[in-house]
Number of protein chains: 2
Amino acid sequence: MRNRIARYGRGVTDPLGVRRQVCFALYAAQRALTDVYRPILDEFGLTYPQYLVLLVLWERDAAGDGRTPPTVSELGAALRLDSGTLSPLLKRLEVAGLVRRRRSTRDERRVEVTLTDAGLALRQPMCQVPRRVVEATGLTEAELVGLRDTLTRVTETIHRATERS
Amino acid sequence: MRNRIARYGRGVTDPLGVRRQVCFALYAAQRALTDVYRPILDEFGLTYPQYLVLLVLWERDAAGDGRTPPTVSELGAALRLDSGTLSPLLKRLEVAGLVRRRRSTRDERRVEVTLTDAGLALRQPMCQVPRRVVEATGLTEAELVGLRDTLTRVTETIHRATERS
DNA sequence: GTAAATTGAGTCGTGCGCAATCGGATCGCG
DNA sequence: CGCGATCCGATTGCGCACGACTCAATTTAC
């Protein structure tokens, strides 16, 4: 049974106090963490969402399981972004020379995204990026794992709930 | 019809994978939670950042401590948003009839933001919004408090670190 | 008292993030 | 085989976020 939240009245326990809200904490933390990434990723000429796309591509590449390269939809599934976000982003990555976009020959609706040599070469130097960012959070390894798992659970709960509609 | 985001079928165990990273968990959770807010706030014709601004204004209004109304800068300090984001946002809130902007007479650089009657009247019906959202996360109250505090700590740590430069 | 520095709001450009929509490609079923 | 339903990607439009900048008002330093 869901536990009840105290009644929303006024005064000291004002439920509408911004800083009391988990949602604001999440919103603020996300932007703060992006602030940490920005100068680091700037060294590589990347934005945070672009970096995430590369992470997925590196991951798929390393798996080396003989699958075809990921399509725009598959990247969207991995990052939960839709084509309206990914299409222009991938174009910018292509202009930067890090990825290639190519129509699938088997299904010409699909666009397969592959890493260029330059995109592949970025992987090694960027290996230390996560460590540098994590240090800025000031959290212990255990706290980080707990935080990640809680956040992941929240995300999955929400997605399960909304996919039912 | 909107682009549907397919389920991401792979395991969570890839050591260097996107899904292992706290940063991605934060990024994804923030967007998932916004997905929960969107339809609810749509009923009031608001976006999430606009709702946050109203939260601060309601809070200040309830405090009734005789202070002057918050300025754009003070709203920015509360939400950690700069004038480049707030100025157009506040204009939209003004067009919507929820907020008034007025130059301070004592310092004409400042713009004071006050609630209109319509903006004030929105407070009561929106009291249930946080509860409805929190239910969607599927977390207990204790977990929520812990999550909020951890996130707040991360945010503060980052800000202390970056403000030193 | 005036020049220099600072502060506060606004504007512009770039890049997400999402809704809505379009057009082409494929699939399902008769 | 034919045709409608479905799927996929691209595109468009809007609203954040943020950096860089402008401009005016105020504060300071001398």
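Side-chain atoms are counted along with the backbone in the values below, which use heavy atoms only and exclude waters and symmetry mates. All chains are named by letter (A, B, ...) in the order of the sequence lines, taking the proteins before the strands, and each is independently numbered beginning at 1.
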Taken in chain and number order and not counting sequence neighbours, the residues that satisfy ring pair (Phe, Tyr, Trp, His ring centres under 6.0 Å) with A:Y51 are A:Y37

Length of the CZ-P vector between B:R92 and C:dG10, whole Å = 13 Å

Contacts of A:F24 that satisfy ring pair (Phe, Tyr, Trp, His ring centres under 6.0 Å) - sequence neighbours left out | none

Note: A:R109 and A:R103 closest approach over all heavy atoms is O-NH1, 3.0 Å

Those residues of residues 29-45 of chain B lying under 4.0 Å from DNA chain D by at least one heavy atom | none

Applying salt bridge (charged side-chain N to carboxylate O under 4.0 Å, His left out) to B:R100 and not counting sequence neighbours gives none

Whole-Å gap separating P (C:dG17) and CG (A:L90) | 13 Å

Residues at least two apart in sequence or cross-chain that pass side-chain contact (heavy atoms from CB on, under 4.5 Å) with B:R80, listed by chain then number, are A:R31, B:H159, B:E163

Nearest whole angstrom, please: distance from the P of D:dG15 to the CG of B:L93.
-> 11 Å

Residue set satisfying salt bridge (charged side-chain N to carboxylate O under 4.0 Å, His left out) with A:E94, at least two apart, ordered chain then number -> A:R101

Are the side chain of A:T116 and the backbone of A:G97 linked by a donor-acceptor contact shorter than 3.5 Å?
-> yes

Pick base, sugar-phosphate or nothing for A:T47, based on heavy-atom distances below 4.0 Å to the nucleic acid.
-> sugar-phosphate

Can you name the residues that form a salt bridge (charged side-chain N to carboxylate O under 4.0 Å, His left out) with B:E156, not counting sequence neighbours?
-> none

Stretch residues 98-110 of chain A: residues that reach within less than 4.0 Å of DNA chain C through a heavy atom = A:R106, A:D107, A:E108, A:R109

Contacts of type side-chain contact (heavy atoms from CB on, under 4.5 Å), residue A:V53, not counting sequence neighbours = A:L57, A:L75, A:L79, A:L86, A:L89, A:L90, A:L93

Contact check, residues 75-86 of chain B vs DNA chain C, heavy-atom distance under 4.0 Å, returns B:S83, B:G84

Residues passing the salt bridge (charged side-chain N to carboxylate O under 4.0 Å, His left out) test with A:D149, sequence neighbours excluded, are none

Which pairs, with at least one residue in residues 36-48 of chain B and sequence neighbours excluded, count as a salt bridge (charged side-chain N to carboxylate O under 4.0 Å, His left out)?
-> B:D35-B:R38, B:E43-B:R132

Round to a whole Å and report the spacing from CD of A:Q50 to P of C:dG17.
-> 10 Å

C:dT11 phosphate, OP1 or OP2: any side-chain N/O from B:K91 under 4.0 angstrom?
-> yes

Would you say A:T71 reaches D:dC8's phosphate, i.e. side-chain N/O to OP1/OP2 under 4.0 Å?
-> no

Think B:Y27 has a side-chain N or O under 4.0 angstrom from the OP1 or OP2 of C:dC16?
-> no

